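Computation of the quantities below employed the complete heavy-atom set of this structure, encompassing side-chain atoms and omitting hydrogens, waters and symmetry-equivalent molecules. Keep in mind the model is a prediction, meaning the values are calculated, not measured. Each ligand, and each atom within it, is numbered from 1 in the order the structure gives.
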Amino acid sequence: MSKYAVLGNPVSHSKSPLIHSLFAEQTDQTMSYQAIPLEENEFEGFVRNFFAEGGGGLNVTVPFKGNAFALAASCSPRAQLAQAVNTLFLDRDGDICGDNTDGIGLVTDLKINNKVTISGQRVLILGAGGAVRGIMAALVYEQAAAITIVNRTVSKAELLVEEMQSIAPVQAMSYDMLQGAASKGQSYDLIINGTSSSLQGEMPNLDAKLMASGCCCYDLMYSASDTPFVQWAKKEGASLSIDGLGMLVEQAAEAFALWRGVRPNTVPVMEYLREHS
Ligand code: ATR
């Protein structure tokens with residue numbers, strides 16, 4: 001039986017084993033998928049050994065996406081741009097390859113599942129950490145009209161903008177500058193929360209005027225009850241307030257397709273997770 005796993009720390013809460021077992025059942029694939037917690041110094045040895053012993057593929061989550069990028073012998077352009085890898089597999093020569101399916105997972109959830117247009121829209125992104133790096137390439141390919149990245153530590157947003165500005169209309173801001181822009185009437189069609197503030201039960205302080213008419217608010221995080229950002233978006237009347245469960249399932253479907261050559265139907269899996277969380 002082909003073996004697959006997700007590596008992270010912590011990882012016991014991960015929904016990936018359930019998602020991949022539902023995909024395998026649906027597409028008649030014989031495979032196992034486990035969540036494996038590792039210490040930082042165990043990561044490289046584990047991955048090399050896993051593939052040497054015939055393992056089929058790995059997902060990688062916090063805090064190892066950068067380690068996986070460094071370890072892979074080659075990476076997809078979208079993983080290069082993110083400098084982070086969430087999916088590992090072997091190529092025909094037996095070399096370890098890295099890809100990043102987070103961004104395409106977000107874009108598929110927005111465009112296909114929620115009928116949200118990205119092309120030509122004004123996009124505001126909160127945060128400039130690993131989660132935001134993972135989605136930037138996919139958003140750039142979608143040709144948003146303008147992408148504004150706001151971060152508490154402005155220098156991190158500025159660094160991301162420096163890397164992207166030759167390929168996309170991006171700009172960096174502080175939260176104070178954003179408030180200033182809101183006061184002058186600036187608004188956005190799509191607001192994406194890529195901060196980890198939900199983990200502290202918080203969200204950045206945002207002026208509701210930042211929502212343009214028809215605005216979609218999307219939180220890369222998800223939880224059984226609404227995240228603070230989704231609560232805010234609903235309260236302030238966003239047209240759509242979406243958490244990251246759909247993105248999680250779609251990024252998993254992309255990884256599954258890379259490994260198994262078949263793309264599962266994600267809709268019943270999302271429904272199952274919503275009902276059972
Ligand atoms: P991840 O992989 O989840 O992106 P990360 O790389 O540690 O994790 O990045 C966390 C992001 O959330 C950062 O942009 C962080 O802002 P700083 O770079 O200024 O630290 C942001 N963040 C975390 N808690 C926040 C809060 N309470 N308010 C605003 N931004 C927050």
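Legend: ring pair (Phe, Tyr, Trp, His ring centres under 6.0 Å) pairs involving residues 63-90, not counting sequence neighbours, sorted by first then second residue: F43-F64. A side chain to side chain donor-acceptor pair (under 3.5 Å) check over residues 153-169, counting only residues at least two apart or in different chains, returns the pairs R133-E163.
The 12-atom threshold is not exceeded at CD of E25, counting heavy atoms of other residues, nucleotides or ligands nearer than 6.0 Å.
Checking Y4, W259, F256 one by one against F23, the ring pair (Phe, Tyr, Trp, His ring centres under 6.0 Å) holds for a single residue, F256.
Listed by chain and number, residues touching ligand 1 at under 4.0 Å (heavy atoms only) are G127, A128, G129, G130, A131, N151, R152, T153, K156, T195, S196, S197, Q200, E202, P204.
Residue V154 shares its hydrophobic cluster (ILVMFWY side chains chained together at separations under 4.5 Å) with no other residue.
Between the side chain of N100 and the backbone N or O of A84 there is at least one donor-acceptor pair closer than 3.5 Å.
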